[in-house]
Amino acid sequence: MQRVESALQALGKAIDRLDTALDTHANQLVEAAESQARLDQHVAGLRGEYDSLRGEYAQLRQVVTEVNGRLDGTVSRLRALLEE
């Protein structure tokens with residue numbers, strides 16, 4: 001009878017340890033999922049900022065090209081006036 005009680009106590013302790021391990025693992029999974037969600041949100045924010053900056057760069061490049069064209073035209077007209 002004492003061996004059965006010892007076995008039951010050992011089994012009870014093993015089940016408690018397993019419950020604790022499962023709870024710990026579940027908590028770690030929740031924390032990992034929350035961390036991944038924060039990381040995904042951060043990456044999405046960075047991608048949005050990157051896309052915005054690319055758009056601004058394209059606009060700036062267009063303006064620079066236009067200004068260069070106008071400056072070239074102005075310089076050409078000034079040269080033509082000076083050569084007269």
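Bear in mind the structure is a predicted one, so any value in this text is a computation, not a measurement. All heavy atoms count here, side chains included; hydrogens, waters and symmetry mates do not.
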Quick check for you: to the nearest 0.5 Å, what is the distance between Thr20 atom OG1 and Arg17 atom CZ?
9.5 Å
Are Arg77 and Leu81 close enough, and set up right, to give a side chain to side chain contact (heavy atoms under 4.5 Å, CB included), and what steps lead you there?
CA-CA 6 Å; Arg77 284 194 302 274; Leu81 286 174; 5.6 Å; no
For Arg79, check side-chain hydrogen bond (donor to acceptor under 3.5 Å, both in side chains) against everything at least two apart and list the hits.
none
To the nearest 0.5 Å, how far apart are CG in Leu46 and CG in Leu53?
10.5 Å
Using a side-chain heavy atom cutoff under 4.5 Å and only I, L, V, M, F, W and Y, what cluster partners does Val4 have?
Leu8
If I take atom CD from residue Glu56 and atom CZ from residue Arg61, how far apart are they, to the nearest 0.5 angstrom?
16.0 Å
Closer than 3.5 angstrom, by distance alone: can the side chain of Ser52 be matched with the main-chain N or O of Gly48 as a donor-acceptor pair?
no
Worked check of side chain to side chain donor-acceptor pair (under 3.5 Å) between Ser35 and Arg38
CA-CA 5 Å; Ser35 292; Arg38 284 191 302 272; 3.2 Å; yes
Is it true that the side chains of Asn27 and Glu31 contain a donor and an acceptor less than 3.5 Å apart?
no
CG of Leu71 to CD of Glu66: how many Å apart, nearest 0.5 Å?
11.0 Å
